[in-house]
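FYI, side chains are in, hydrogens and waters are out, and symmetry mates aren't considered; it's all heavy atoms of this structure. Note on naming: letters A, B, ... go to the chains in the order of the sequence lines (proteins, then strands), and numbering restarts at 1 for each one.
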Amino acid sequence: MLSSKIRNLFQIAINKAIAASDLGELKSFSDYIDVERCKNPDHGDIAVSIALKLSREAKLAPVKIAQSIVKHLDVVAIGDISIAGPGFINIRLNWDFLESALVEIHQEKDNYGRLSKEARADMEPHRFLIEYVSANPTGNLHLGHGRQAVLGNSLARLLDWAGYDVSSEFYINDAGVQIEKLSLSAQAAIQIQEGHITKENYPVDAYPLDSMLDVLKPEIYKAKLKGYLDAASLAGDQAKEIAGKLAKSLFLDLQKKVLADIEVHFDTWYSENENLHQVKINDKNKIELICETLKAVKVKQEDVTEHHEAGENAEIGVPLHAHEVSAVYEEDSALWFRAKSFGDERDRVLRKSQGMFTYLAGDIAYHKDKFDRGFDKLINVWGSDHHGQELGIRGAIQAIGYNPDQLELIFIQLVSVKEDGVEKKMSKRKGTIVNVDELLAEVGKDALRFFLVDSQANNRMVFDLALAQKHDKDNPVYYIQYAHARSASIFRNLVSPRINIVDNTEEAAIFEVDELERLLNEEFKTFSANFKKLFSDEYHSEEQLKTIRSLVLELIELPKLVIDAADIRAPYKISVYLKNLASLFHQFYNENRIIGENEEVMKARLSLVAASKIVIKNALSILAISAPEKM
RNA sequence: GCCCUCGUAGCUCAGCAGGAUAGAGCAAGUCAUUCCUAACGACUAGGUCGGAGGUUCAAUUCCUCUCGAGGGUGCCA
């Protein structure tokens, strides 16, 4: 990869410079060397600012340092060096290098940007588990879930591209009070449809009746509740349980379908009820077991200052006695976790005085189970309203012996929808919740995914419905897809017969199909060293060359981008990249004709078109957005 | 009150492990099209990077304070 090549060359040059005592007081160096693209193309292609950073330690002027480094720098094979501004070392890459970089794209094709096997071997063998959406099976998925789904799924794909072993999971929260509430709601919804009670009698604290009626259609529930449909049986506990189970599976199916429709797939659907409540060892389920595990954990408890003897050597606040206590304790007949000892602001209840376990208790058991299944890096994508749970779960993980850094939390901020120019906040109370399937029907999968991934997770976002609905130039998704379709179109035209406009006669296609295949699969995959000649002022204007150079630099950026974006867990970087790349491609397309040029120039440009097509398609595929051949 | 995010062009957002003139798209205005898809392109205009201090050769980027928006702060999930 370009940046690591350059980084190595600089490291060597700096070592040599130090050995030659050219770098003043700097005696050794092994820091990360930042290799970045020049913001201004007039400066060059690649900029390294290391001389500025070393200035202080070396006690030399940055420009002096830059000169010393350059003296020992061997980048002749890559390009020309210049020192500019306060001490930047700029590299203008030569065409041989750019062509060889482009050849890599043609060689790797659909895998270009994916971390290679060799690179993978160097990485720490982490196993990631990314948990996202995890909605209760008590309703449809709204846009907030949609954003979690798209960001979580895109991140999982990105990590996979970056070479990590990653698995994704949906935690089905199917135990406890919300399932109780669901059963109640489902029972009442059926009773209403059967005419046993009126809508006015629907429980006030139940889930919205409309959403219940959406899934509990008579033809569905009648089969399940055969024999329980009379007023008396339907009112009973058995009917309630059956109705609850039915509603649960219907909502789960609905959620699965919606997620599948936006190409969000999970490796596992993890049921809280089945895995944590039902599986028992020695008559104890995993939640009870985790409480015992925590009970066995000892925490240092400090008695401070009270028995302190005043004296010359006494320091206020230093504990006299430190003794060990269990990480859980009983108080007011509830079971508490000493979360405060693990960084939380206060202790947390695990088992309520009524005997039920809290959500936290289940969540701790769940996370323990994730580790037990062999995952060592857990990423949870949560709605920002779950922010308050962070310290509790982190503390518990630490208490049971894991490094809290093994858990990463990504909080997704709310989405509001802008419709007819007016921003509407999503509110259950106001009935302004927008569901994923509704929006999907309006804008389609590609636009929905793109818009939801296109901003940082911890920014609140506004979904501009009108913009996403536009099937034209204003819509960035189409702008990017159009770039791909345009490149595809060139290839179609190359192998299609042409009509001569002058005399309306048919002319042969420029390439036979197999000729084009050979070009793409053989010629473009070999380094022919003719870009130097073809991409010169002999065949191109200064403006054209500038665009071409920018395009190539952008294309070969993908592998580094994948790694950087994965490292900071930022799939939106890919969408930002795609917008830039598409823009450069369109610009290139407008400035450079392919068909009708002399063969050598045509092939050179075609090589760029083909490479652009590959890179755009791959980047889109990271986001699970389609790359149409035709629009 | 305390904790966590966010505040960059009229709108939606990039840029920020400090670096050269802060960038895109939309909206506004001008131009361009006999030719591979105009779902394109070129150009113009639009910014005290919320505000005030501090650290630094260098701050939109780091630190402190402050203002504004959102979220959290249950024996809810």
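With a 3.5 Å ceiling on both atom-pair distances, the Watson-Crick or G-U wobble partner of G29(B) is C43(B).
Backbone-only engagement by Asn173(A) is indicated by non-hydrogen atom pairs under 4.0 Å involving sugar-phosphate atoms exclusively. Note on Ala84(A): a base of the nucleic acid sits closer than 4.0 angstrom, heavy atoms only. Glu591(A) comes within 4.0 angstrom of no nucleic acid atom, judged by non-hydrogen atoms across all strands. Ala483(A) comes within 4.0 angstrom of nothing in the nucleic acid, heavy atoms only.
C2(B) sits 31 Å from A59(B) when the P atoms are compared, rounded to a whole Å. Comparing the P positions of G50(B) and C16(B) gives a spacing of 16 Å, expressed to the nearest Å. When the P atom is used for both U48(B) and U60(B), the distance is 13 Å, rounded to whole Å. C31(B) and U12(B) are spaced 27 Å apart, taking the C1' atom of each and rounding to whole Å. With C1' as the reference atom, U56(B) and C63(B) are 12 Å apart, rounded to whole Å. Rounded to a whole angstrom, the distance from the P atom of C49(B) to that of U44(B) is 23 Å. Nucleotides U66(B) and G23(B) are separated by 29 Å at their C1' atoms, to the nearest Å. Annotation: A9(B) and U5(B) have their P atoms spaced 22 Å apart (nearest Å).
Note on Gln413(A): every side-chain N or O is 4.0 Å or more away from OP1 and OP2 of G71(B). Between Lys352(A) and A77(B), a side-chain N or O to OP1/OP2 separation shorter than 4.0 Å is present. Lys39(A) has a side-chain polar atom (N or O) that falls below the 4.0 Å cut-off from OP1 or OP2 of A20(B). Residue Tyr479(A) has a polar side-chain atom (N or O) positioned under 4.0 Å from OP1 or OP2 of G41(B). One finds a side-chain N or O of Asn459(A) lying less than 4.0 angstrom from the OP1 or OP2 phosphate oxygen of A14(B). For the pair Arg486(A) and A38(B), the criterion of a side-chain N or O lying under 4.0 Å from OP1 or OP2 is met.
Distance from the side chain of Trp336(A) is smallest to C75(B) among C36(B), G72(B), C75(B). Comparing C36(B), A77(B), C75(B) by their nearest atom to the side chain of Ile490(A) picks out C36(B). If you check A14(B), A77(B), C75(B) against the side chain of Asp332(A), the one that comes closest is C75(B). Across A20(B), G15(B), A77(B), the shortest atom-to-atom separation from the side chain of Cys38(A) is found for A20(B). Among the nucleotides C6(B), A77(B), A38(B), the one closest to any side-chain atom of Tyr359(A) is A77(B).
For the pair Arg460(A) CZ and G70(B) P, the computed distance is 7 Å after rounding to whole Å. Look at CD on Glu554(A): it is 13 Å from C1' on G23(B), rounded to the nearest Å. Summarising the geometry, the separation between CG on Leu584(A) and C1' on C40(B) is reported as 14 Å, rounded to the nearest angstrom. For the pair Gln587(A) CD and A39(B) C1', the interatomic distance rounds to 17 Å; values are reported in whole Å. Atom NZ in Lys613(A) sits about 14 Å away from atom C1' in C36(B), given to the nearest Å. One interatomic measurement links the two molecules: CG of Leu561(A) to P of G15(B), which rounds to 11 Å at whole-angstrom precision. Residue His386(A) contributes atom NE2, which lies 23 Å from atom P of C3(B) at whole-angstrom precision.
Taking a 6.0 Å sphere around NZ of Lys340(A), one finds it holds 12 or fewer heavy atoms contributed by other residues, nucleotides or ligands.
Between the side chains of Gln178(A) and Thr138(A), no donor-acceptor pair of N or O atoms lies under 3.5 Å.
Scanning atom types as modelled, one donor and one acceptor separated by under 3.5 angstrom connect the side chain of Asn90(A) and the base of A20(B). The base of C75(B) sits with one of its N or O atoms less than 3.5 Å from a complementary donor or acceptor on the side chain of Ser353(A).
Thr358(A) OG1 to Trp336(A) CH2: the interatomic distance, rounded to the nearest 0.5 Å, is 10.0 Å.
Side chain of Ser49(A) to backbone of Leu52(A): no donor-acceptor contact under 3.5 angstrom is found.
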